[in-house]
Amino acid sequence: MNTPLLWLGGPPCVGKSAVGWELLLQIMRAGTKAAYVDLEQIGFACHISDPEDLRARNLQFMWTNFHNAGAQVLIVSDTGVHYGVDVDSLAGVTPRRYLLRARAETLRARVFRRGAGIDPALPGDSLLGCDELTLRRKAEEAVRTAAALVDGICVDTDDRTVSDVAALIRVDAGL
């Protein structure tokens, strides 16, 4: 039997990392061994030629280790472009893609909250401490990215808690 791979994509500040972590906790509390990989967090490197390839290779190695350790579910979050990762090349998984969405005004507000250091605190957060002009530019980039993403089962994050969004995905995946 293949392992469910729950792939969480979406624009910056939609809640991918927070939902991925909460989803991991909910699945584990239900008694299922699970693993979570945030592709943003496994690819920090300076002056390398191909950071996307690094993330893809890191995910391959991590999945092998998680699988060998007994993981029954793999959760992955990314920006929606999959960093060049061919999910079908991950042995023994059945991918299910979720596209997290939020209204433009919600994304803009979340960009400014992250820039101000208001939840969530993410290591290496490129928004933290940015000036207002930079945050405005990043907010508009997030809105443009959101409009361009179409791959996956759409899950709206507006007016929902992180726990509620994770629960919706868990139930949809049959976990």
Side-chain angles (χ1 to χ4, degrees), residues 1-28 30 32-43 51-60 62-63 66-67 71-111 114 120 122 125-127 138-175:
M1 183 172 121
N2 279 349
T3 301
L5 165 59
L6 309 180
W7 198 284
L8 310 178
C13 298
V14 77
K16 299 174 302 292
S17 297
V19 169
W21 181 253
E22 176 63 23
L23 188 55
L24 173 73
L25 295 176
Q26 288 183 18
I27 291 169
M28 288 174 37
T32 301
K33 294 178 183 178
Y36 170 53
V37 177
D38 183 331
L39 287 185
E40 288 287 328
Q41 298 295 312
I42 66 168
E52 288 77 20
D53 182 59
L54 174 66
R55 287 180 178 105
R57 286 184 288 128
N58 283 347
L59 179 59
Q60 291 278 353
M62 291 177 79
W63 167 238
F66 286 141
H67 180 70
Q72 299 165 293
V73 177
L74 176 61
I75 303 158
V76 177
S77 64
D78 79 340
T79 60
V81 295
H82 309 306
Y83 284 117
V85 176
D86 176 11
V87 293
D88 298 318
S89 71
L90 293 174
V93 300
T94 301
R96 190 164 181 89
R97 292 177 174 91
Y98 293 91
L99 176 58
L100 303 187
R101 300 185 309 182
R103 293 184 300 267
E105 60 270 17
T106 301
L107 289 175
R108 289 182 185 108
R110 290 176 182 173
V111 166
R114 287 249 310 266
L122 299 173
D125 193 341
S126 64
L127 298 174
K138 297 276 191 179
E140 294 312 311
E141 286 174 15
V143 170
R144 282 192 303 276
T145 299
L149 296 173
V150 296
D151 185 26
I153 299 164
C154 294
V155 180
D156 290 319
T157 64
D158 286 306
D159 306 318
R160 288 187 170 133
T161 67
V162 168
S163 181
D164 289 344
V165 173
L168 284 170
I169 293 168
R170 186 175 45 78
V171 168
D172 179 78
L175 300 169

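Given the structure is predicted, the values throughout are model-derived calculations rather than measurements.
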(request) Could you tell me the separation between the CG atom of Asn2 and the OG1 atom of Thr94, rounded to the nearest 0.5 Å? (result) 3.5 Å

(request) Heavy atoms only: give me the nearest Asp164-Arg160 pair and the separation to one decimal. (result) CB-CB, 4.4 Å

(message) Could you tell me if Thr157 and Arg110 have a donor-acceptor pair between their side chains, going purely by distance under 3.5 Å?
(response) yes

(message) Could you tell me if the side chain of Asp172 sits less than 4.5 Å from the side chain of Tyr98, heavy atoms only?
(response) yes

(request) Flag the pair Ile169 / Leu8 as yes when at least one side-chain heavy-atom distance between them is below 4.5 Å, and no otherwise. (result) yes

(message) Less than 4.5 Å apart, side chain to side chain, heavy atoms only: is that true for Trp63 and Thr3?
(response) yes

(message) Ignoring hydrogens, what is the shortest heavy-atom contact between Leu149 and Leu99? Give both atom names and the distance.
(response) O-CD2, 3.5 Å

(request) Flag the pair Ile27 / Leu6 as yes when at least one side-chain heavy-atom distance between them is below 4.5 Å, and no otherwise. (result) yes

(message) To check you understand the geometry: which heavy-atom pair defines the closest contact between Tyr36 and Gly20, and what is its length?
(response) CE1-CA, 3.7 Å

(request) Find the distance between CG (Leu168) and CG (Asp156) and round it off to the nearest 0.5 Å. (result) 10.0 Å

(message) Give me the atom names and distance for the closest heavy-atom approach of Lys16 to Pro11.
(response) NZ-O, 2.8 Å

(request) Identify the residue among Leu59, Leu24, Ile75 that makes a side-chain contact (heavy atoms from CB on, under 4.5 Å) with Val37. (result) Leu59

(request) For Ala166 and Glu22, work out which heavy atoms get closest and say how close. (result) CB-CG, 3.6 Å

(request) Check whether any side-chain heavy atom of Leu107 sits under 4.5 Å from a side-chain heavy atom of Thr145, and report yes or no. (result) no

(request) Looking only at non-hydrogen atoms, find the nearest pair between Cys13 and Arg114 and report the distance. (result) SG-NH1, 3.5 Å

(message) Rounded at 0.5 Å granularity, tell me how far CE in Met62 sits from NE2 in His67.
(response) 15.5 Å

(request) Please examine the side chains of Val111 and Pro12, heavy atoms only from C-beta on, and report whether any two atoms are closer than 4.5 Å. (result) no

(request) Kindly indicate whether the side chain of Ser163, heavy atoms from C-beta on, has any atom under 4.5 Å from the side chain of Gln26. (result) yes

